[in-house]
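Below, chains carry the letters A, B, ... as their sequence lines are ordered, and counting in each starts from 1. What you are looking at is a predicted structure, and each value in this text was computed from that prediction instead of being measured.
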2 protein chains.
Amino acid sequence: MNLKEDAWRMIQAAIEAVKPHRLIGDQVRREGDVLYVREQPISLPKAGRLVVVGFGKASAAMAQALEPLVADALSSGLVITKYGHGVPLQRIEVVEAGHPLLDENGLQGTRKLLHLVEPLTEGDVVICLISGGGSALLEALPTGITLNAMQKTVQLLLKSGATIEEINAVRKHLSLVKGGQLARRIAPARCVSLIISDVIGDPLDAIASGPTAPDSTTFQDAVAVLQRYRIWEQVPESVREWLTRGTKGAVPETVKADDPLWERVHNIILGNNHYAVTRAQQVAETLGYHTLVLTSRLQGEAREVARVMAAIAQSMQQDGYPLTPPAAIIFGGETTVTVRVKGKGGRNQELALAALIAMGPHARGYLIASVGTDGTDGPTDAAGGWAYPGIWRVAENKRLNPLDFLANNDSYHFFKQVDGLIVTGPTGTNVMDIGVILVDGTQESHAANGN
Amino acid sequence: MNLKEDAWRMIQAAIEAVKPHRLIGDQVRREGDVLYVREQPISLPKAGRLVVVGFGKASAAMAQALEPLVADALSSGLVITKYGHGVPLQRIEVVEAGHPLLDENGLQGTRKLLHLVEPLTEGDVVICLISGGGSALLEALPTGITLNAMQKTVQLLLKSGATIEEINAVRKHLSLVKGGQLARRIAPARCVSLIISDVIGDPLDAIASGPTAPDSTTFQDAVAVLQRYRIWEQVPESVREWLTRGTKGAVPETVKADDPLWERVHNIILGNNHYAVTRAQQVAETLGYHTLVLTSRLQGEAREVARVMAAIAQSMQQDGYPLTPPAAIIFGGETTVTVRVKGKGGRNQELALAALIAMGPHARGYLIASVGTDGTDGPTDAAGGWAYPGIWRVAENKRLNPLDFLANNDSYHFFKQVDGLIVTGPTGTNVMDIGVILVDGTQESHAANGN
């Protein structure tokens with residue numbers, strides 16, 4: 001058994017499974033005037049217009065995959081994607097814009113997108129292609145609030161200690177498209193959103209800030225967040241003014257769950273971390289491993305999560321549970337790194353490095369890897385890192401101490417020197433991260449008298 | 001299904017399974033002149049003497065369970081246990097002494113213990129009853145090194161950042177019983193050690209500092225540790241002198257693995273975390289749960305480990321893996337808490353509190369609990385804490401914010417106010433911690449279109 005080769009096949013297959021072309025190819029088919037998305041029928045307009053819009057890092061690739069299926073029925077289309085992520089399309093326009101920071105191109109692209117959908121009427125259908133990054137790429141700001149004012153507000157929030165939910169409550173109330181407001185602009189046309197989720201649990205109101213999903217937060221909530229973190233006085237006056245008007249009902253709220261509008265909106269998760277981890281599991285099974293998917297909702301500090309994964313690997317080797325070797329455990333989600341020292345790395349590389357350390361220099365017959373499905377782990381050109389005995393050997397030969405690199409949040413420079421980087425290149429999709437624990441059963445129990 | 005009742009039965013059964021009386025009752029039996037320990041035959045001396053010694057928090061209770069089995073063959077015996085942990089014995093003397101800090105009673109008890117075993121000869125047998133805490137309770141110091149000098153050295157090491165392995169390397173070389181040296185004093189009599197392990201992976205050289213197990217560290221290593229952490233100049237001169245003499249071969253090394261002595265020594269793990277978690281699993285099975293033991297080797301920062309456990313609970317509820325509900329996952333090991341603010345709590349209570357937060361106020365149909373098998377979690381009168389929806393309800397009624405208590409490392413005061421403490425009282429044993437994740441399957445998937 002070659003653990004690294006097997007793990008690499010699992011990882012590649014998992015990423016392949018959540019690429020836009022594969023997701024749309026596998027799950028969307030056309031029969032006459034009906035589009036079946038995961039076997040749910042979507043009637044294409046007979047007399048009316050069909051418009052395809054999209055936003056997110058994968059939106060252009062999604063459009064490229066969808067376009068052939070609907071080309072004959074298509075009236076118009078436009079997708080906004082990150083610089084460098086455009087692909088050639090036949091009928092659908094591609095706009096490239098700023099990410100992760102909104103820029104003028106994003107605002108302008110959004111205006112064009114809204115011009116396509118706002119004139120539509122009841123018989124028309126809009127297909128929205130939504131993926132991670134959509135929050136920065138699709139934006140329309142209230143009159144009086146400049147790009148600069150918006151960015152300043154977000155920066156203050158990011159520094160304040162507010163949670164991501166709290167930040168989003170503010171952002172949605174400084175936007176004319178987030179929080180279900182794109183769906184309102186699409187109405188009375190029907191709206192079908194096909195979504196690749198990069199958020200744990202696929203909460204529709206969080207992915208791309210929920211432009212076609214109900215929002216439960218209010219202008220009052222947005223103001224309360226700014227006050228709670230004591231930045232109400234620091235945000236631009238235009239922001240304070242808009243939010244205050246909102247609390248008085250002078251400007252429209254985001255769209256709430258009881259709005260009749262939602263009868264005409266259909267959000268469909270086309271791909272998520274679950275697809276990736278279960279695909280990796282299938283591959284492991286065909287390779288002869290006992291398999292288990294632990295979770296696709298993993299959270300936690302990467303270096304601590306790694307210790308749990310190492311404990312599970314050790315249990316399989318020494319105790320025969322949770323699986324007897326040869327065993328493959330797959331996990332997915334998104335860990336975090338609290339940066340202490342400004343080295344170079346990412347959450348996946350840090351997880352792999354901490355797992356390597358937790359397994360120790362003497363362990364054999366295991367492999368632990370973690371990788372970002374978008375192919376980019378932190379500000380590096382790698383997607384993740386490998387932990388297996390051979391990495392220890394190279395490190396010892398080169399007199400590198402993994403502990404030093406972990407202490408410096410410098411996982412990239414460690415793995416680079418020991419040939420332990422996982423490099424995929426940008427994958428054109430993102431369903432967060434996946435990881436694998438493989439144990440081949442060659443390391444026998446070292447318990448003196450155990451179990 | 002009553003998750004709390006079920007979890008409580010699992011936890012109680014798990015702790016019961018690793019109590020000295022149960023371990024010895026289940027695994028040690030006598031047939032004529034042969035004692036069978038986990039089906040391994042130990043011939044009792046026909047002509048020679050049988051001596052029972054012990055040290056650790058459970059050693060008196062172990063002796064109480066063993067005594068009736070060997071009373072007729074017993075020559076003498078002595079066990080050293082922590083203050084308040086003595087129990088009435090027929091023939092075996094009980095000495096109570098200081099723990100976690102060694103005191104004069106421990107030194108004096110050890111001298112008496114050595115007087116029992118040192119005169120023994122080849123035909124004799126010594127049974128050693130070893131459990132957690134033995135490291136502080138059994139000690140003989142080299143001439144010239146005072147209790148005070150020893151304590152000062154350990155305190156410097158604890159503050160230095162040295163690892164537990166490094167600290168133990170020094171301690172073993174400032175001892176005349178640790179690192180296999182008790183076995184050397186017992187020889188040429190045979191030595192059978194029955195061990196309740198409170199260390200992950202049951203490393204014989206670590207449990208109670210390995211008095212009857214080979215040691216791989218040297219005087220050179222001990223000196224190197226003190227120098228590496230720059231405390232060589234600060235330790236008492238008597239310590240420097242002894243260690244220096246050791247490096248020159250002027251005093252005996254700890255006992256190495258190639259010593260012929262080990263042919264006459266038999267270390268047997270009588271109980272460990274594995275026993276506890278597998279017993280909890282059995283109970284969960286009889287209660288109708290799908291079950292899985294995740295690991296008995298868990299490590300990591302408690303609040304981060306909790307997030308992994310919560311992710312697994314959510315996956316079972318929403319995705320049906322790693323188990324379909326009703327499901328019980330059992331984990332064991334020993335997490336850590338990095339204290340930021342000096343509240344009151346322990347690693348088990350902090351894990352439960354962080355799990356409660358990670359599940360959020362709206363989750364239903366789950367329970368996560370963590371508990372110390374010794375019945376004592378940190379400096380509190382509780383053994384652990386419960387996380388389940390009812391705890392959130394009480395907290396909200398009392399306007400307590402769990403996040404505030406977690407931020408202050410104050411899990412005890414949170415759980416105390418919401419009736420969420422797990423209280424077992426001292427259990428008389430210790431195989432680290434166990435935890436459970438229960439999911440009853442009543443919380444349906446909330447994924448809009450998922451999986």
Side-chain angles (χ1 to χ4, degrees), chain A residues 37-38 40 163 195 197 200-204 213 266-270 272 274-275 277-278 281 292-316 318-323 329-333 335-336 354 358 403 446-451, chain B residues 37-38 40 163 195 197 200-204 213 266-270 272-275 277-278 281 292-316 318-323 329-333 335-336 354 358 446-451:
Chain A
V37 181
R38 306 186 71 216
Q40 296 174 50
T163 66
I195 304 169
S197 168
I200 286 177
D202 310 333
L204 296 174
H266 202 159
N267 287 295
I268 303 176
I269 301 289
L270 204 62
N272 59 13
H274 168 84
Y275 283 76
V277 291
T278 50
Q281 180 185 31
L292 192 73
V293 176
L294 198 59
T295 182
S296 57
R297 296 160 189 271
L298 186 66
Q299 299 192 54
E301 184 72 18
R303 64 178 62 204
E304 302 299 328
V305 170
R307 298 175 72 185
V308 178
M309 299 308 167
I312 293 172
Q314 288 162 348
S315 283
M316 292 194 292
Q318 309 294 337
D319 308 313
Y321 53 72
L323 295 176
I329 294 215
I330 301 106
F331 54 91
T335 62
T336 41
L403 280 161
H446 60 220
N449 291 279
N451 321 328
Chain B
V37 181
R38 304 186 73 215
Q40 296 175 49
T163 66
I195 304 169
S197 166
I200 285 175
D202 310 332
L204 295 173
H266 202 159
N267 287 296
I268 304 176
I269 300 289
L270 204 61
N272 59 12
N273 191 270
H274 168 84
Y275 283 75
V277 292
T278 51
Q281 181 185 32
L292 192 73
V293 176
L294 198 60
T295 181
S296 56
R297 298 161 187 271
L298 186 65
Q299 297 192 57
E301 183 74 17
R303 63 180 63 205
E304 302 301 327
V305 170
R307 298 173 73 184
V308 178
M309 299 309 165
I312 293 171
Q314 289 162 348
S315 283
M316 292 194 291
Q318 309 294 338
D319 309 313
Y321 52 71
L323 295 176
I329 293 215
I330 301 105
F331 54 91
T335 62
T336 42
H446 60 222
N449 293 278
N451 322 326

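Looking at heavy atoms from C-beta onward, D202(B) lies out of side-chain contact with Q318(A) at the 4.5 angstrom threshold. Side chains of T278(A) and D319(B) form no contact here, defined as non-hydrogen atoms less than 4.5 Å apart. Looking at Y321(B) and V277(A), their side chains come closer than 4.5 Å, going by heavy atoms from C-beta outward.
The shortest non-hydrogen separation linking T295(A) to I312(B) is OG1-N, 4.2 Å. Considering every non-hydrogen atom in both S315(B) and S296(A), the closest pair reads OG-N, 3.4 Å.
Heavy atoms closer than 4.5 Å to chain B are found in the side chain of T336(A), but not in its backbone. For a residue to count as touching a neighbouring chain, one of its non-hydrogen atoms must lie under 4.5 Å from one of that chain's; by this rule L292(B) touches chain A with the side chain only. Residue V37(B) does not touch chain A at all, counting heavy-atom pairs closer than 4.5 Å.
Between the side chain of E304(A) and the backbone N or O of E301(B), at least one donor-acceptor pair lies under 3.5 Å.
Heavy-atom pairs under 4.5 Å with chain A peak, among S197(B), G300(B), A213(B), at G300(B).
The structure places CG of L294(B) at 7.0 Å from CD1 of I329(A), a figure rounded to the nearest 0.5 Å.
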